[in-house]
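Below is one structure, written out as structure tokens, with a few remarks after it.
Bear in mind that the values here come from a model prediction, so they are computed numbers and not experimental data.
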Amino acid sequence: MKKKQQQHPSSGEDPWPHGAPVGGAPPCLGGCKRRIPLLPFLRFSLRDYGFCMATLLVFCLGSLFYQLSGGPPRFLLDLRQYLGNSTYLDDHGPPPSKVLPFPSQVVYNRVGKCGSRTVVLLLRILSEKHGFNLVTSDIHNKTRLTKNEQMELIKNVSTAEQPYLFTRHVHFLNFSRFGGDQPVYINIIRDPVSRFLSNYFFRRFGDWRGEQNHMIRTPSMRQEERYLDINECILENYPECSNPRLFYIIPYFCGQHPRCREPGEWALERAKMNVNENFLLVGILEELEDVLLLLERFLPHYFKGVLSIYKDPGQKRAPDLITDGWEPPRGCWELNSGPLEEQTAFLQP
């Protein structure tokens, strides 16, 4: 009896002449290889491939033009800086916030004829050196403000980038009254007689006693008034030398209240209260080097190195008619017991 030879699928004959069994074909026998089709989402045509490449090209060109016109986006720069400076501890957290010095809001409501221009020159150098925001104003002759003007100025100053130092000739402003954070105040005053003398000559001859300067400063001043001897002005009680409200410094510390402009006990006491509560330092011009040293100690983020800059022989200083070699005339000291009496009392501890 002959055994039937077993046929294998590899022999070339159809192993299922009557069709594959129900349920699909079983796994291949022997060395049969089976093609596995691609998943549906991996199938794409030449048209799809071209569309993807065109999109990528447009994105690259747009990024190139964007960088040429303004540089990379800010968030990419911040991300790069963060990733470059990060450590294991902060890899998964937000970048550290900017640490502001304390105080980060300083106001120098400078008093006229008290060395303020020299200090402002120093501040311009220091702001570039230390990177704080120096906020200045082009308004020099408006120290008293209406309520709306106070609100507008406080809003503009409060929204400045911190740390900032704002400086302007302006009477004391109460930021907290209008919902702002109260800044730290600093100021510099001087001996009332020396300040009176400085202003007396400044109104007549400007900073350098030049004929080309005084006509611009006070064009309506008569010649006999311009060259009036200061001793005669004081001893003869001319209005300029006898009015206690003239060139009054108390409102710089008292504030914007109308009563602050009226010489008297109320304005003086309120000015002293504000100095104690809101001013970090009120210096004396006659001791300017000591004042700068204190500012350097109290506010190093703003004034570090200011004394060495001030002592530099090449440093430009604003000239002053009194401090640069002038001696007060004999009649001036009588002002301390007259129109300047209250301002002299303000300097007393």
Is there a side-chain contact between [X] and [Y], using heavy atoms and a 4.5 Å cut-off?
X    : Y    : result
Y252 : I189 : no
R270 : H257 : yes
K129 : K304 : no
Y302 : L126 : no
I188 : R110 : no
Q150 : L173 : yes
I230 : L197 : yes
F166 : P183 : no

Give a yes or no answer on whether the side chain of [X] reaches the backbone of [Y] with a donor-acceptor pair at less than 3.5 Å.
X    : Y    : value
S127 : L123 : yes
R190 : I284 : no
Q256 : T143 : yes
N133 : E161 : yes

Between [atom1] of [X] and [atom2] of [Y], what distance do you get to the nearest 0.5 Å?
X    : Y    : atom1 : atom2 : value
C241 : L228 : SG    : CG    : 7.0 Å
L122 : F303 : CG    : CZ    : 8.5 Å
D312 : I125 : CG    : CD1   : 8.5 Å
R168 : I139 : CZ    : CD1   : 4.5 Å
Q223 : R204 : CD    : CZ    : 11.5 Å
D229 : Y238 : CG    : OH    : 10.0 Å

Cluster overlap [X] with [Y], hydrophobic side-chain contacts below 4.5 Å:
X    : Y    : result
L268 : Y248 : yes
V107 : V282 : yes
Y227 : I234 : yes
W266 : F172 : no

With disulfide bond (SG atoms under 2.5 Å apart) as the rule and sequence neighbours excluded, what pairs involving residues 259-306 come up?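 Sorted result for residues 259-306: C254-C260.
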
Closest heavy-atom pair and its distance - [X], [Y]:
X    : Y    : value
G112 : R195 : O-NE, 2.9 Å
G255 : H171 : O-CB, 3.9 Å
G305 : E296 : N-OE2, 2.9 Å
Q162 : S104 : OE1-OG, 2.7 Å
F202 : K113 : CD1-NZ, 3.6 Å

I'd like to know whether L299 forms a side-chain contact (heavy atoms from CB on, under 4.5 Å) with I186, so could you lay out the CA-CA distance, the side-chain angles of the two residues, the decisive distance to 0.1 Å, and finally the verdict. CA-CA 10 Å; L299 299 170; I186 59 173; 4.2 Å; yes

Stepwise side-chain contact (heavy atoms from CB on, under 4.5 Å) check, V170 with L145: CA-CA 8 Å; V170 64; L145 308 178; 4.0 Å; yes

Under a 3.5 Å threshold, yes or no: a donor from one side chain and an acceptor from the other, between Q105 and Y164?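 Judged by distance alone, the side chains do pair up.
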
Option passing side-chain contact (heavy atoms from CB on, under 4.5 Å) with L307 (candidates D290, L293, V291):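 Only one of D290, L293, V291 forms a side-chain contact (heavy atoms from CB on, under 4.5 Å) with L307, namely L293.
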
Tell me whether the rings of Y185 and F175 are parallel (<30°), tilted (30 to 60°) or perpendicular (>60°).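 The rings of Y185 and F175 stand perpendicular, inter-plane angle above 60°.
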
N-O pairing of R203 and E240 below 4.0 Å: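 Answer for the salt bridge query: yes.
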
Using residues 151-160 as the side-chain source, report each donor-acceptor pair under 3.5 Å to any protein atom, sequence neighbours left out, with the distance given to one decimal.
residue: N156; atom: ND2; partner: E152; partner atom: O; Å: 3.2
residue: S158; atom: OG; partner: I154; partner atom: O; Å: 2.8
residue: T159; atom: OG1; partner: K155; partner atom: O; Å: 2.9
residue: T159; atom: OG1; partner: N156; partner atom: O; Å: 3.2

Do the two ring centres, one from F279 and one from F253, sit under 6.0 Å apart?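 Yes, close enough.
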
Test log, rule side-chain contact (heavy atoms from CB on, under 4.5 Å), inputs L235 and N237: CA-CA 5 Å; L235 298 175; N237 291 322; over 6 Å; no

CA sep, side-chain torsions, deciding dist, call: S176, N174, side chain to side chain donor-acceptor pair (under 3.5 Å): CA-CA 6 Å; S176 59; N174 189 344; 2.6 Å; yes

Test side-chain contact (heavy atoms from CB on, under 4.5 Å) on L134 and Y108 and set out the steps. CA-CA 11 Å; L134 179 62; Y108 171 34; over 6 Å; no

